[in-house]
Amino acid sequence: MHAIPHYQDVVMAHFKSLVLKNEPNNLYEPIRYILSLGGKRLRPVLTLMATEVFDVAAEKALPAATAVEVFHNFSLIHDDIMDDAPLRRGHETVHEKWNINTGILSGDAMLILAYQYFEEYQPTIFRELAKLFSKTALEVCEGQQYDVDFETRDDVTIPEYLKMIQYKTAVLVGAAMKMGAIVAETSEENANCIYDFGLNLGIAFQLQDDYLDAFGNPETFGKQVGGDIIENKKTYLYLKAMEFASADEKEQLLQLFSVQPTDNTDKIHSVKEIFNQTGASDATQKAIQEYTFLAFKTLEKMNIGFDKKEILRGFGNNLMNRNV
């Protein structure tokens, strides 16, 4: 196995050399554009890493890793349309640079392209990859719908929120790792364990994203701190604060989340104070730890060497110690 930067370099070089059809240009140029914006490339890196965990060369997993990343970016194009977002990774979103119709159609094409990359595998592996991919893609759509539904609900529960982030974010992390296991043709138990490892890390990752959105360092976080507060998003922090708050704190929080002032500085400060006073910020950090430990527990069941378990554990720890 290699260090994470090695897999990142392989993925980066692969996407730089990726060839897509040229015509019609207005269909394929937006696809090239969104893929060129980079990002962390976390999911394809995990696919390559998982393949080598089971003693098969990472290069064999490149088509599956490409499918995962193309699907992820398809979902971003459509999410940006739904959110009317002007920027993605500091650049114009596809629907802003072109138009909404182009964003929808190019996104649709990316979903089909993602499936095509599985065709590079033998029938048995193709079937397993396509089956997992279909299940995961549907769950991601379900998670997105839950997220949309929650915007107009005031009675969202913690279990509902956790299910939403599991479907919207974590299942694709788990699937990315399981695809590596499928390509490596390891045992079903190993494949399921590495899926659970990725799934629980994915939940922890999203909870940490919620936390960093409020309490991250603006210089390293990469986006506006307090963005979820400005948009009145009912994150894990908010739900925990509502659970622990006194009557006065609850009333204040509800009032703060019912307004969108021109200057949000005071609002962000007040909400963060309530998050701290109620213990919601501590509870969120505890939940991040718990899901990280759940991920590590699955390593005990995996039939791989101790050194590889330590590499996966180190990856999880690095992910949870991030400030971006």
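Under a 4.5 Å side-chain heavy-atom cut-off, the cluster of Ile, Leu, Val, Met, Phe, Trp and Tyr residues that includes Met82 is completed by Val148.
Remark: Glu189 pairs with no residue by the salt bridge (charged side-chain N to carboxylate O under 4.0 Å, His left out) rule, at least two apart or across chains.
At a threshold of 4.0 Å, the pair Lys168-Glu139 does not count as salt-bridged, since none of the basic side-chain nitrogens sits closer than that to a carboxylate oxygen. A salt bridge does not link Glu128 to Lys131: none of the charged side-chain nitrogens sits closer than 4.0 Å to a carboxylate oxygen.
Relative orientation of the His91 and Tyr33 rings is perpendicular, given thresholds of 30° and 60° on the angle between their planes.
Atom CD of Glu251 has 12 or fewer neighbouring heavy atoms from other residues, nucleotides or ligands inside a 6.0 Å radius.
Panel note: side chain Asn99, backbone Thr102; a donor-acceptor pair is recorded below 3.5 Å.
A centroid separation of 6.0 Å or more is found between the aromatic rings of Phe118 and Tyr121. No close placement of the Phe150 and Tyr161 rings is indicated, their centers lying 6.0 Å or farther apart.
Closest approach of Tyr7 to His2, counting heavy atoms only: OH-N, 3.0 Å.
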Would you be so kind as to tabulate the donor-acceptor pairs closer than 3.5 Å made by side chains of residues 287-303, with sequence neighbours excluded?
from: Thr292; atom 1: OG1; to: Ile288; atom 2: O; distance (Å): 2.7
from: Thr298; atom 1: OG1; to: Ala295; atom 2: O; distance (Å): 2.6

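Between Thr93 and Glu96, the side chains place no donor N or O within less than 3.5 Å of an acceptor N or O (distance only, hydrogens not considered).
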